[in-house]
Novice: 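Below is a structure I'd like to ask you about.
For the single chain, residues carry numbers from 1 onward in sequence order.
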Amino acid sequence: MVSVIIPAYNCEKTIGQCLKALARQSYPSDSYEVIVVDDGSADNTAAVVKDYPVGYFHQNNQGPAAARNNGARRASGTIILFTDADCVPDADWISQMVKSFDLPEVMAVKGAYRTLQKPIVARFAQIEFEERFEMLKKAESIDMVDTYSAGFRRDVFIDMGGFDTSFPVANNEDTELAYRMAAKNYKMVFNPNAIVYHLNHPDSIFRYARLKFWRGYWRMVVYRRFPGKMFKDTYTPKTLKLQILFLYLALAICLPAVFFNFLLFALLLSVIIFALLTLPFAAFAFRRDPAVALISPLLLSVRAASLGAGMIWAVLHG
């Protein structure tokens with residue numbers, strides 16, 4: 001038996017599409033169950049869910065980590081899969097996720113995102129994921145399993161204590177669990193064929209910048225627990241960390257350079273290095289979406305500034 005668990009909070013607009021896709025899976029219908037844990041929704045989420053033959057459980061609002069853990073405790077499957085209420089799994093998503101557990105040493109599986117969104121910022125966000133997917137394909141064992149398309153052996157998940165409920169929002173609680181599992185040398189793998197379509201990539205620069213700010217904040221919270229991951233993991237492009245470094249170096253030099261001319265060279269050098277660091281992503285994006293490639297230096301600047309600001313905020317308020 002396989003259990004699919006979906007945390008739900010005020011998602012009346014999207015969860016129907018998610019549940020409809022899960023009802024049409026190629027996997028035998030008598031071999032999986034779907035569990036929705038309503039995390040205190042105030043909209044019509046409950047009414048939408050109850051139109052589908054799934055397990056429905058309500059809890060007072062405690063955050064998605066607690067909702068997922070609640071679902072895992074109620075699950076009857078030996079394999080538990082997680083997706084989100086704003087995701088639409090492919091018809092063979094369950095089959096692909098379960099297939100990855102054919103190897104007995106595999107304890108967790110990560111699937112892949114796609115999107116059909118048209119705004120250019122959303123398309124940029126998708127290509128960010130695709131750049132990371134190319135990295136993950138080369139790793140024998142990964143250290144990042146995102147909850148939009150995640151699978152675990154239930155006994156291992158329960159033994160690990162599930163997701164840390166001190167993370168109040170859906171942000172890096174999955175990273176924290178994956179790092180804990182990696183520390184125990186549990187094998188985790190990436191299956192690029194286990195696909196879900198995301199309905200809600202950020203579609204404006206403001207939404208994107210806000211998302212990345214909080215990504216930076218919560219990632220720094222995780223880095224405090226696993227400082228070695230700040231320098232090396234299987235999921236983060238090295239150019240991203242260098243982009244943050246050189247953007248903030250340029251910003252730090254900017255004002256002093258007005259008064260000390262010898263700093264102008266350092267400022268110019270920092271800007272040039274940052275620009276060069278955007279080229280690999282631009283080249284990668286060009287093969288997929290030339291319009292995204294053209295705007296990528298701007299959006300990479302926004303990304304570096306927002307992530308860096310979030311990390312600084314975490315340090316100052318730690």
Side-chain angles (χ1 to χ4, degrees), residues 2-8 14-15 17-27 31-36 64-65 68 71-72 75 77-103 105-117 122 125-154 156-157 162-163 170-179 181-182 186-201 233-236 288:
V2 177
S3 299
V4 180
I5 300 163
I6 307 165
T14 60
I15 195 166
Q17 296 176 69
C18 177
L19 296 178
K20 186 180 295 184
L22 288 171
R24 297 173 176 173
Q25 291 291 297
S26 61
Y27 201 72
S31 297
Y32 73 96
E33 63 179 354
V34 177
I35 297 171
V36 176
R68 293 191 190 99
T78 56
I79 300 295
I80 54 175
L81 307 180
F82 295 98
T83 191
D84 292 328
D86 60 353
C87 292
V88 179
D90 255 0
D92 66 344
W93 177 70
I94 293 178
S95 297
Q96 286 290 341
M97 292 293 283
V98 172
K99 178 182 178 182
S100 301
F101 287 102
D102 286 348
L103 295 174
E105 66 270 23
V106 171
M107 299 299 151
V109 176
K110 167 187 167 60
Y113 253 154
R114 287 188 186 169
T115 188
L116 298 175
Q117 292 173 268
Q126 176 61 32
I127 293 177
E128 278 189 291
F129 282 108
E130 292 176 13
E131 180 188 35
R132 293 164 188 258
F133 294 161
E134 291 303 312
M135 294 176 57
L136 294 173
K137 288 177 185 177
K138 300 172 185 175
E140 182 180 349
S141 183
I142 65 176
D143 57 10
M144 177 59 172
V145 178
D146 310 65
T147 50
Y148 65 81
S149 181
F152 300 89
R153 296 193 188 273
R154 182 178 180 274
V156 172
F157 182 86
F163 296 105
N171 203 326
N172 274 278
E173 79 286 4
D174 44 11
T175 307
E176 194 275 340
L177 174 59
Y179 284 178
M181 292 184 66
Y186 283 135
K187 186 176 180 67
M188 297 173 279
V189 298
F190 173 55
N191 184 345
N193 298 315
I195 295 165
V196 300
Y197 284 84
H198 193 208
L199 302 173
N200 200 29
H201 283 341
D233 62 29
T234 61
Y235 187 67
T236 309
R288 289 158 174 78

Novice: Which atom pair, heavy atoms only, marks the closest approach of Val36 to Ile15?
Specialist: CG1-CD1, 4.0 Å
Novice: Output, in order, the C-alpha distance, side-chain angles, deciding distance and verdict of ring-ring contact (aromatic ring centres under 6.0 Å, His included) for Tyr113 and His201.
Specialist: CA-CA 10 Å; Tyr113 253 154; His201 283 341; 5.2 Å; yes
Novice: Quick one: are Thr83 and Ile6 in side-chain contact, heavy atoms under 4.5 Å?
Specialist: yes
Novice: Quick check: closest heavy atoms across Tyr197 and Thr115, and the distance to 0.1 Å?
Specialist: CD2-N, 4.0 Å
Novice: Quick check: closest heavy atoms across Ser149 and Ala194, and the distance to 0.1 Å?
Specialist: OG-O, 3.6 Å
Novice: Looking at Asp90 and Ile195, would you say the former's side chain and the latter's main chain have a donor-acceptor pair under 3.5 Å?
Specialist: no
Novice: Would a 4.5 Å heavy-atom cut-off, applied to side chains only, mark Ile94 and Val4 as touching?
Specialist: yes
Novice: Find the distance between CZ (Arg132) and CD1 (Ile142) and round it off to the nearest 0.5 Å.
Specialist: 13.0 Å
Novice: Could you walk me through whether Val145 and Phe152 pass side chain to side chain contact (heavy atoms under 4.5 Å, CB included), step by step?
Specialist: CA-CA 9 Å; Val145 178; Phe152 300 89; 4.1 Å; yes
Novice: Do the side chains of Lys99 and Gln96 get nearer than 4.5 Å, heavy atoms only?
Specialist: yes
Novice: So Arg154 and Thr78, side chain to side chain contact (heavy atoms under 4.5 Å, CB included) or not? Walk me through it.
Specialist: CA-CA 5 Å; Arg154 182 178 180 274; Thr78 56; 5.6 Å; no
Novice: Under the criterion side chain to side chain contact (heavy atoms under 4.5 Å, CB included), I'd like the reasoning laid out for Leu136 against Thr234: C-alpha separation, chi angles, the key distance, then a yes or no.
Specialist: CA-CA 6 Å; Leu136 294 173; Thr234 61; 3.8 Å; yes
Novice: Quick one, Arg153 and Ile79 - any side-chain contact, counting heavy atoms below 4.5 Å?
Specialist: yes
Novice: Measuring only between side-chain heavy atoms, which start at C-beta, is Lys110 closer than 4.5 Å to Tyr148?
Specialist: yes
Novice: Quick one: CZ on Phe133 to CZ on Arg114, what's the gap to the nearest 0.5 Å?
Specialist: 9.5 Å
Novice: Would you say Glu140 has more than 12 foreign heavy atoms packed within less than 6.0 Å of its CD?
Specialist: no
Novice: Compare every heavy atom of Val189 with every heavy atom of Ser100, then report the nearest pair and how far apart it is.
Specialist: CB-CG2, 4.3 Å
Novice: Kindly indicate whether the side chain of Thr175, heavy atoms from C-beta on, has any atom under 4.5 Å from the side chain of Tyr235.
Specialist: no
Novice: Provide the closest heavy-atom pair for Pro89 versus Ala21 in the form atom of the first, atom of the second, distance.
Specialist: O-CB, 3.4 Å
Novice: Taking all heavy atoms of Met188 and all of Asp143, pick out the closest pair and write down the distance.
Specialist: CE-CA, 4.0 Å
Novice: Quick check for you: to the nearest 0.5 Å, what is the distance between Cys87 atom SG and Phe82 atom CZ?
Specialist: 13.5 Å
Novice: How long is the straight-line distance from CG of Leu177 back to CE of Met144, given to the nearest 0.5 Å?
Specialist: 10.5 Å
Novice: Any side-chain heavy atom of Thr147 within less than 4.5 Å of one from Glu173?
Specialist: yes
Novice: Mind checking the CG-CH2 spacing from Asn191 to Trp93? Nearest 0.5 Å is all I need.
Specialist: 11.5 Å
Novice: Let me confirm one number: the CG-CG distance from Asp84 to Leu199, rounded to the nearest 0.5 Å.
Specialist: 10.5 Å
